[in-house]
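Here's the structure we're looking at; comments come further down.
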Amino acid sequence: VGLGKTHLLQSVGNYIEKENPKKKVIYVTAETFTNDFINSIQQKNSSSFRIKYRKADVLLMELDDNFETYMYTPIILLILKRYVDFLSND
């Protein structure tokens with residue numbers, strides 16, 4: 001059942017871009033973000049992951065229903081923490 005989460009998240013991104021045109025907003029599903037992160041590790045190519053996500057001033061991540069969101073939320077939070085650590089360790 002749709003609750004409008006996608007529309008709300010996109011509205012937040014649109015508002016940020018409207019109020020701060022220089023801000024780079026990246027909108028991504030949790031599944032895409034997680035796949036990008038895992039692929040960068042498997043392919044030993046962290047630079048492509050860094051380039052893609054480091055340029056974001058705002059990262060909006062949607063936990064989509066196809067990703068069995070609620071079961072994986074703790075994993076997503078751990079990945080996000082590692083992402084922040086990963087990008088801050090140059």
Task: Rounded distance (nearest 0.5 Å) linking atom OG1 of Thr32 with atom CZ of Phe37 - done: 15.0 Å
Task: Tyr27 and its side-chain contact (heavy atoms from CB on, under 4.5 Å) partner, picked from Asn14, Thr6, Val12 - done: Thr6
TODO: Check whether any side-chain heavy atom of Asn39 sits under 4.5 Å from a side-chain heavy atom of Phe49, and report yes or no.
DONE: no
Open item on the list: Once salt bridge (Lys or Arg N to Asp or Glu O under 4.0 Å) is applied, do any residues pair with Asp36, and if so which ones, sequence neighbours excluded?
Closed with: Lys52
Open item on the list: A side-chain contact here means heavy atoms from C-beta on lying under 4.5 Å apart; do Val58 and Ile26 qualify?
Closed with: no
Task: Euclidean distance, Asn45 CG relative to Arg50 CZ, rounded to 0.5 Å - done: 11.0 Å
Donor-acceptor pairs under 3.5 angstrom involving side-chain atoms of residues 15-24: please list them, not counting sequence neighbours.
none

Open item on the list: Nearest 0.5 Å, please: how far is CZ in Phe33 from CG in Leu59?
Closed with: 6.0 Å
Task: Student check: side-chain heavy atoms of Val25 and Leu60 closer than 4.5 Å - done: yes
TODO: Please answer: with hydrophobic residues joined when any side-chain heavy atoms are less than 4.5 Å apart, are Val28 and Leu8 in the same cluster?
DONE: no
